[in-house]
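Written below as structure tokens is the structure these notes are about.
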Amino acid sequence: MFYRGRRLRKNPVIRTMMQETTLHKSDLILPIFVCEGTNIYKEIESLKGHYHYSIDNLYKVVDEMNSSGILSCILFGIVEHKDACGSEAYNDNGIIQQAIKKIKELNKDIYVIADVCMCEYTDHGHCGILDSDGYVNNDKTLKYLSKIALSYAHAGVDMVAPSDMMDGHILALRNVLDENGFINLPIMGYSAKFASAYYGHFREAAHSAPSFGDRQSYQMDFHNGQEALREVEADINEGADMIMVKPAMAYLDIIKEVSLNYNMPLCAYQVSGEYAMLVSAVEHGLMKESVIEESLIAIKRAGAQLIITYFALDIAKRLTY
Ligand code: PBG
Ligand code: ZN
């Protein structure tokens, strides 16, 4: 006797019945890039199929969300004025604050997450406040991240997601939110975020590349898996409601390990470079389009419950619910 696995692969019905992993629209979070100015709807060179939207044009993407059934998004801002402390990020009338209000006005049921970081707003492009020697000062940065998160909270955001990789950032945000009455506002930590070459397309899209050096003194070294568990554990202990692994496809081992070790809602970020690679492979006829769904299923099978992905709207058209 031998194992006849093919018995349960005989036709589409039994194959569907046997599927261990599913993908639903509610698993997917759409990144949106919002810019200053009016009447701007400009395709992003490095992220074809994605756009810079001015506030007055946000209805375009909200309409697409409504019709495709993707009801959650994460916001990134592009601003003109940048300075050493990223002051536009905590301007109560800043681009993200306006976008939060606008999206809620267009459809109050859309779940709006705001990425909390400084790199899109600092003139040097790093994710925090610099010391005179160019080192990102952890504890000074926490004060600014707190101001940013609080400002987004006042604007009516549903969830904040700090992507800066400063130590103690979840605790700092939890404290400031609680002190100001936002006890029910959840925090998603970008817990295991690796210093990665997969972010290049995003940095072009968000005008957030560092003007000198790199992010290796705060983002994680991609040689390390055990350290990822320590980062996740720290975020959980500080009060994170959700945790994240980023990037996704080259880090499925980390997603798996985190999901097995911690009983916490886990999100994975299929980042810009992953999107660009797959889009290019399909465009050039190197792979069939189904490779996109395969990539998302792999991320879920590894243990992610939610996926932030630039494919959210496209893939939703092929999902029934
Ligand atoms: C900001 C931030 C980055 C991404 C999400 N938030 C860029 C970075 O850390 O340099 C990357 C997302 C992507 O590549 O799609 N800290
Ligand atoms: Zn950043």
Side-chain angles (χ1 to χ4, degrees), residues 28-34 44-52 73-79 82 84-86 88-90 95-96 113-130 136-138 141-142 144-145 148-149 152 159-167 169 173 187-222 231 244-251 267-280 295-296 299 306-312:
L28 305 175
I29 301 168
L30 173 73
I32 299 178
F33 295 90
V34 194
I44 300 168
E45 201 73 47
S46 64
L47 280 177
K48 285 280 182 292
H50 284 265
Y51 296 81
H52 284 161
C73 60
I74 181 160
L75 304 181
F76 299 98
I78 294 113
V79 295
K82 302 193 185 205
C85 57
E88 267 308 308
Y90 52 88
I95 193 67
I96 295 294
I113 304 170
D115 179 276
V116 174
C117 201
M118 303 191 67
C119 51
E120 293 134 74
Y121 308 94
T122 51
D123 48 14
H124 47 70
H126 277 286
C127 302
I129 303 294
L130 299 185
V136 175
N137 183 306
N138 194 87
T141 302
L142 294 181
Y144 286 86
L145 294 169
I148 299 168
Y152 295 165
M159 180 187 281
V160 287
S163 66
D164 48 277
M165 285 299 281
M166 296 302 124
D167 297 327
H169 63 165
L173 264 53
I187 303 174
M188 170 160 65
Y190 278 69
S191 309
K193 174 173 175 178
F194 291 85
S196 169
Y198 286 97
Y199 305 153
H201 298 77
F202 172 96
R203 290 179 191 169
E204 263 182 61
H207 304 170
S208 66
S211 61
F212 67 91
D214 54 43
R215 305 211 199 288
Q216 290 186 73
S217 80
Y218 39 106
Q219 298 180 349
M220 277 189 58
D221 184 333
F222 56 71
E231 286 288 346
M244 193 202 293
V245 172
K246 173 188 176 188
M249 286 157 66
Y251 296 81
C267 180
Y269 198 142
Q270 186 183 47
V271 301
S272 57
E274 304 180 57
Y275 173 80
M277 275 193 329
L278 293 174
V279 165
S280 163
S295 74
L296 295 167
I299 295 164
L306 297 173
I307 308 174
I308 303 175
T309 174
Y310 300 93
F311 289 116

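Only heavy atoms go into these numbers, but all of them, side chains included; no hydrogens, no water, no symmetry mates. Atoms within each ligand, like the ligands themselves, are counted from 1 in listed order.
- With respect to atom 4 (C) of ligand 1, the closest heavy atom belonging to the protein is K246 NZ, 2.6 Å.
- Put simply, the side chain of E274 gets close to the backbone of V271: a donor and an acceptor are under 3.5 Å apart.
- Nearest protein heavy-atom neighbour of atom 15 (O) of ligand 1: Y310 OH, 2.6 Å.
- The only option from H169, K193, Q219 that meets the side-chain hydrogen bond (donor to acceptor under 3.5 Å, both in side chains) definition with D164 turns out to be H169.
- Near D115, the atoms of ligand 1 lying under 4.0 angstrom from a non-hydrogen atom of the residue are 6 (N).
- From the protein, the heavy atom lying nearest to atom 10 (O) of ligand 1 is R203 NE, 2.6 Å.
- With sequence neighbours left out, the ring-ring contact (aromatic ring centres under 6.0 Å, His included) criterion links Y190 to no other residue.
- Considering each of Y275, F202, Y218, the one bringing a non-hydrogen atom nearest atom 7 (C) of ligand 1 is F202.
- Under a 4.0 Å criterion applied to the non-hydrogen atoms of Y269, ligand 1 contributes the atoms 12 (C), 15 (O).
- A donor-acceptor pair under 3.5 Å is absent between the side-chain atoms of Q270 and the main chain of L296, judged by distance alone.
- Classification of the Y310-Y269 ring pair by plane angle, with boundaries at 30° and 60°, yields tilted.
- Distances below 4.0 Å separate heavy atoms of C119 from the following atoms of ligand 1: 1 (C), 16 (N).
- The side-chain heavy atoms of E120 and D115, taken from C-beta on, include a pair separated by under 4.5 Å.
- Taking each heavy atom of N137 and T141 in turn, the nearest pair found is O-OG1, 2.5 Å.
- Of the possible polar contacts, one joining the S191 side chain to the G189 backbone as a donor-acceptor pair under 3.5 Å is found.
- Shown here are the ring-ring contact (aromatic ring centres under 6.0 Å, His included) partners of F311, two or more places apart in sequence or in another chain: Y275.
- Residue nearest to atom 2 (C) of ligand 1, selected from R215, Q219, Q270, K193: K193 (by heavy-atom distance).
- Of the protein's non-hydrogen atoms, S272 OG, 2.7 Å is the one closest to atom 14 (O) of ligand 1.
- Below the 2.8 Å limit, the Zn ion (ligand 2) has as protein N, O or S neighbours C117 SG, C119 SG, C127 SG.
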List, one per line, each side-chain donor-acceptor pair under 3.5 Å for residues 200-212, sequence neighbours excluded.
{"unit_1": "S211", "atom_1": "OG", "unit_2": "H124", "atom_2": "O", "d": "3.1"}

